[in-house]
Structures are given as C-alpha cells and as structure tokens.
Amino acid sequence: MSTLGNASPPGGTAKRLAAGTIALGAATLGYAVGIERRRFTLRTAELPVLAPGTPPFTILHVSDLHMLPGHQAKQRWVAALDELEPDLVVNTGDNLSHRTAVPSVLRALGPLLDRPGLFVFGSNDYYAPKPKNPARYLMPRGKKKRIHGTQLPWRDLRAAFVEHGWVDLTHVRRTVEVGGRAVFAAGVDDPHLHRDRYSDIAGPADTTAAVRIGVTHSPEPRVLDTFATDGYDLVLAGHTHGGQLRIPGYGAIITNCELDRSRARGASRWGARMWLHVSAGLGTSPYAPARFACPPEASLLTLVPRGSGASDPRKPAPRKAAKPVR
C-alpha cells in the first residue's frame, strides 16, 4: 500500500519551522518589552577596598534611569531603595529621556537626596534620545556619526541635586564625610561625548582618606587607566545597560563603548589594585524599550576591608528579596 498520501506537502516542514521561529521571536520580544524591562532588580556585591580593620559601609549605585514622566512604577521602586539606608548614593548619569522629566527624577530620588550623594551626568542628561538604526551599535566607533536630540534641562536637575547637598563631581576632586569617615572622590564629564578632561583632576588620590572613589558615566578604558594610575580604589560607571540584550551563556553583545563585553555589568578588577563597578542601569531609550537576560537594576555595594574574604564580586550578585523590590 502506498503511503504517499500521508506525506507532508512539499515545503511543509520548512514552513512549520519558519512559523515556529517567528512565534518564538515574537514571544521573546514580547517578554523583553513587556516584562523584563519592568523587572526592577536589586543586585548586591562586596568589594574589598578598605584598609584592614576598617568598618564596612554601603554605597547605593544608581544609573541610567532614562526617565519619562509616565514611569511611575520606576519612580516608586527607586524611592523605596531609601529603606536600604545606604551610607552613600552615587548616581552615574543618564537620568533624563524627556524635557519634562526632571520632576519625575526628583520624585524617584527624593528620599535618597537627603543622604550623602555624588553624581556626574551622561549624554542623555544633556540631549534627548532620538531614533537610531540598531545596526549602528555594531559599527566601529570611529565610523559612527554622532546623533544628538534636543537639549534637556540638565541645569535644573543639577541645581536640585546640589540644593539637596549632593556633590557634582564633574571635573572636581572633593573629600566628603560619610558616616564620620573621609571619602575622597573625583569625576569626569561624559567620555561617550568626549567631554572628559581628566587633566582637570589629575594627580595622586588622597592616601589619608578611608577610600578613594572615581565616578564616570561611560567606562572608557582611557579614563579607567588614569584613575588607576592616580591610586583610586574603586571607579563607578554606567552607560552600558549591561549590554541590554544579552545571550545566555555568551553575555553582552555590545557595550556601546571601548570596554570589553565581560565587564558590561557588575564588578571586576582593573589593574593590580583598583576595582570597577558598572551598573546595568534602570532604563532604556524610549526608542529601544527592550531588555533580555539583563533586567533593570540598582546595586547595593558593601565596601569591606581588603583581605576580609569577601565573596567573588565577578559572580552575579544575589537578588535581594527586600521591601524595595516591588
């Protein structure tokens, strides 16, 4: 008996595979846009940067809010981070995505503004985002034409931060008191826009301080190298969004800067002595509202003495099931 009547029609298998691939792609995109980009996560890490015998203290690292006025859930989540009672807040820029978003940023950070804070700005504090071809992120940086949107009210945001006592570290070296201890800090303007002038803050970091912290928006290696040469213990940065779209088992596809992919988020050593922490940030461009295998995050960093047996900060930090995670 012939079985030809039961055979699949020509091309049937290929069509089913194509349909399955399209369905899987649509489901993945739906998850990345509709679920993961709103799955706000607190990550934690211990960084052994203090002198032996020094009590630990905590830094809340916040970056890349990319705030729109309608981001009410994000505002509530960030405001609730104050319940962690960090000793110091460090904001590494890209707070804005709209010219009317300054009040929204201040609502989000409001309770935290009463704590000691440091900040620098990023490109999306100065300029609004614009639609871009995603393929341009895969091009060599020297071949990209820089695209700026309209100017944003960064001066208003800066004035509000400073009025609450936060220190603008843009090309500034400053010693601030945190819990009775001297923290020496310095920062640069956004290297992604080539606004950094490290020469304005060059020179050895204060060796008498409890810790020496550098702050930059984009973690460009040229800037990290100079911080390391000047004796900083820790540099905090954002900008990369952790890659934003990560491939499980592979990691970030790009970093949108010269930093290597393995350091797109989290803590790593830079040189013999310095640590780097890159935040994956809490937002996205409104024209690319998707995250995959890289949820939006803030980080609670506990600084501990060197040689204290701190856990390996290169490993993914545990998600903390605390009240601020809502």
[X] to [Y] - nearest heavy-atom pair and separation:
X: Ala267; Y: Leu47; value: CB-CD2, 3.6 Å
X: His277; Y: Ser299; value: CE1-OG, 3.3 Å
X: Thr240; Y: Cys257; value: CG2-SG, 4.2 Å
X: Ala237; Y: Thr92; value: C-OG1, 3.7 Å
X: Phe292; Y: Glu36; value: C-OE2, 3.2 Å

Atom CZ of Arg99 with >12 non-hydrogen neighbours under 6.0 angstrom |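 No.
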
Using the test salt bridge (Lys or Arg N to Asp or Glu O under 4.0 Å), find all partners of Asp225 that sit at least two apart in sequence or belong to another chain.
->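 So Asp225 forms no salt bridge (Lys or Arg N to Asp or Glu O under 4.0 Å) with any residue.
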
Please list, chain by chain and in numerical order, all residues satisfying salt bridge (Lys or Arg N to Asp or Glu O under 4.0 Å) with Arg246, sequence neighbours excluded.
->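 In terms of salt bridge (Lys or Arg N to Asp or Glu O under 4.0 Å), with neighbours along the sequence ignored, Arg246 is linked to no residue.
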
Sequence neighbours left out, what passes ring-ring contact (aromatic ring centres under 6.0 Å, His included) with His71? Give chain and number order.
->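 Applying ring-ring contact (aromatic ring centres under 6.0 Å, His included) to His71 gives none.
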
Looking at residues at least two apart in the chain, or sitting in another chain, which of them share a ring-ring contact (aromatic ring centres under 6.0 Å, His included) with Phe119?
->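 With neighbours one apart ignored, the set is Phe121, Phe161.
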
Arg181: partners by side-chain contact (heavy atoms from CB on, under 4.5 Å), with sequence neighbours left out =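 Testing Arg181 for side-chain contact (heavy atoms from CB on, under 4.5 Å), a comparison that skips the adjacent residues, returns Leu50, Thr54, Pro55, Phe57, Ala210.
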
Contacts of type side-chain contact (heavy atoms from CB on, under 4.5 Å), residue Thr284, not counting sequence neighbours |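 Here the qualifying residues are Gln244, Pro289, Arg291.
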
Could you note down all residue pairs passing salt bridge (charged side-chain N to carboxylate O under 4.0 Å, His left out) where residues 203-218 supplies at least one of them, sequence neighbours left out?
->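 As it turns out, the salt bridge (charged side-chain N to carboxylate O under 4.0 Å, His left out) pairs with a partner in residues 203-218, which skip direct neighbours, are Arg212-Asp233.
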
[X]: partners by side-chain hydrogen bond (donor to acceptor under 3.5 Å, both in side chains), with sequence neighbours left out:
X: Asn95; answer: Asn91, Asp125
X: Asp200; answer: Arg197
X: Thr170; answer: Asp168
X: Tyr126; answer: Asp189

Connected hydrophobic set around Phe184, excluding itself, where side chains approach under 4.5 Å =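 Cluster partners of Phe184: Val188, Tyr198, Ile201, Val223, Leu224, Phe227, Tyr232, Val235, Leu259, Trp270, Met274, Leu276, Val278.
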
Side chains of Ser63 and Ser279: donor-acceptor distance under 3.5 Å anywhere?
->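 Checked: Ser63/Ser279 side chains show no N/O donor-acceptor pair below 3.5 Å.
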
Hydrophobic cluster membership, Trp154 vs Trp166, 4.5 Å side-chain cutoff |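 Yes; tracing contacts between hydrophobic side chains, which count when under 4.5 Å, links both residues.
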
Taking the side chain as every heavy atom from C-beta outward, state whether Arg263 and Pro219 have any pair of such atoms under 4.5 Å apart.
->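 No, side chains not in contact.
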
Could you tell me whether His217 and His192 have their ring centroids closer than 6.0 angstrom?
->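 No, they do not, as the ring centres are separated by 6.0 Å or more.
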
